2 protein chains.
Amino acid sequence: MLTSRDWAEAALDAIGQRGVEGVAVEPIARDLGVTKGSFYWHFANREALLVAALQLWEARETDDVLERVRQETDPRARIQRLITEVNASRRASRIHTALSSATKPGFVRDYVERVSKRRLDFIQDCYAGLGLGAETARRWALMTFSVFLGALQIRRDLPGEWPAADEPAFGDYVKFLMVTLVPPGLDGDDAATTDAAPAGAAARDG
Amino acid sequence: MLTSRDWAEAALDAIGQRGVEGVAVEPIARDLGVTKGSFYWHFANREALLVAALQLWEARETDDVLERVRQETDPRARIQRLITEVNASRRASRIHTALSSATKPGFVRDYVERVSKRRLDFIQDCYAGLGLGAETARRWALMTFSVFLGALQIRRDLPGEWPAADEPAFGDYVKFLMVTLVPPGLDGDDAATTDAAPAGAAARDG
DNA sequence: GCGGTTCCATACGGCGCCGTATTGACACGG
DNA sequence: CCGTGTCAATACGGCGCCGTATGGAACCGC
C-alpha cells in the first residue's frame, strides 16, 4: 500500500545515490518491494515521478529550511544557522549536488534555479539586515553562498577535510567562517546604513 | 583516422554535456562520424574509455593548470590567477561538476579526490607563502577553495549572477574576493611568520 | 453476492546500449 | 602479386529499461 509520496521520496533517494539519470522505474520498484504495475497506477510516466520528487525537494529546501532559519532574529545568527543547516544532512547535500549537475531533462534546471535564487536572496537579506546596501549585500551574499555550495562539494570530494556537523572541529570552523564572511562593525547599532566593502583581516594570532 | 586520444577527448565532452553515465560508445561514435567498430579497436570496453578520459582530465587540471599558475611568483597573485583560471573555461567547469557528482563507477571518485587534494594543497601553500602557519593556512585554503567550487556551481545554477571572465564586472568581483579571501598585512615583509586568524572587514564605503 | 473501485502482478513489444564476430578497405614491405 | 597490419563497417545476441495491456485480489456500498 504505497502512496505517490512514497514513490517521490524513493525517487529522491535514487537521485542522491545514482543521480537524476538513475531514477528508473523498475529499480525503484524493486527497492520498494513492488513491481512497476504499482508505479503506473500512481504516475503517468517516469517524468511525472521526477516532477513529484522535485516539488518535494523544492518545498523542503526553500520553505522548510528558510522557515527554520527565520526563527533566528539576528542576521548574524541567521547566517550561522544557515551554515549548520546546510551541513546537517548528508542526504540533502548529495541530492543537491546531483540535481545541480543534472542536464536532462531540462525542467530540472528550473527547480534548481528557483531554489538557488531563493537561498541567495535570503542571504542577501541577512546582509541587508546588517546595514549593507543592496549592491554590497549582493556581493557578500554571493561569496557566502559560494562557501555554502563549495562546502558541500568538499565534503564529497575530500572526505575528512571538512569537519562534519557532529565533530568538535566543526564549531571552530564555523566560527572561523563567520568572522571572515560577516563583516564586523555592522551589527546594526553602528555604521548601520552605509555600504561596506571588505577590507580583509588584520594579522593577529589565531 | 582517429586516435584513442580523440575518443578520450570526445568522452570528456560527453561527460561535460551528459554526465559520466552519458558516456556511451555508440552515441560518441555517431558524434565522431564513425561506428563503434572503430571504438573497439582502440579500447577494450567502455570502462577503458572512461579511464583514458579521466587521465586526460587529471593531467590538465593538476599539472597544466598549476604549472601556469606557478608562473606567478607572488602568493597573492597566484591565488588571483587561480580564480581567473577556474572561471576561464566553461567546458572545464561543467566537466568538473559532472565528475564531482558522479558515483558510478567507483574509480571516478579517486581521480576527483586526487585533483581536489592537489588544488587544495596548492592553495594552502600560497597562504603559507604569506606567512601563515600550516593550520591557519589550511583553514584559509579550505574557505578559498570553497569559493572556487561554489563559483562554478553558481555560474551553473544562477546564470547571470556570477560575472563571466570576459565581462567588466568580473574584475571588480575578483578584487572584492581577493580583499576578503587574502588577509592583508601578510605580504611577507611584516608579520611574515606569525599565524593569523581572520578578523573580518572594517566598514567603509564601497 | 454483485458491480465498482483501488492497488498491484504479470506478460509483452519496443528501444538503446554493450560487446563480439566477421568482413572489408587501405597501406606497406617483400 | 601477396601477406600482414591498421582502422572501420556491419551484423548479431543479450540486457535493462520504458510504457501498455490485461488480469487479479481486496475492499466497499448496497
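Order of the sequence lines fixes the chain letters, A, B, ..., with proteins taken first and strands second; residue numbering starts at 1 for each chain. From a predicted model like this one, the values you see are computed outputs, not experimental measurements.
- Against DNA chain D, the stretch residues 6-14 of chain B makes no heavy-atom approach under 4.0 Å.
- Using a 4.5 Å heavy-atom cutoff, the side chains of E58(B) and V115(B) are in contact.
- Geometrically, R119(A) does not engage F122(A) in a cation-pi contact defined by less than 6.0 Å to the ring centre and at most 45° from the axis.
- Ring centers of Y173(B) and F170(B): at least 6.0 Å apart, outside the cut-off.
- With hydrogens and angles left out, the side-chain atoms of T136(B) and Y127(B) include no donor and acceptor closer than 3.5 Å.
- Between D125(B) and R78(B) there is no salt bridge, since none of the side-chain N atoms of the basic residue sits less than 4.0 Å from a carboxylate O of the acidic one.
- Applying the salt bridge (Lys or Arg N to Asp or Glu O under 4.0 Å) rule to pairs touching residues 33-51 of chain B yields E26(B)-K36(B), sequence neighbours excluded.
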Nucleotide by nucleotide, nucleotides 10-27 of chain D touches protein heavy atoms under 4.0 Å in the pattern (B base, S sugar-phosphate only, - none) BB-----BBBB-------
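- By the neighbour-count criterion of 12 heavy atoms within 6.0 Å, atom CZ of R5(A) is sparsely surrounded, having that number or fewer from other residues, nucleotides or ligands.
- When the C1' atom of dA9(D) is taken as reference, atom NE2 of H42(B) falls 13 Å away, rounded to whole Å.
- The nearest whole Å value for the distance from the CE atom in M1(B) to the C1' atom in dA9(D) is 17 Å.
- Under the 30°/60° scheme for interplanar angles, the aromatic rings of F39(A) and W7(A) are found to stand perpendicular.
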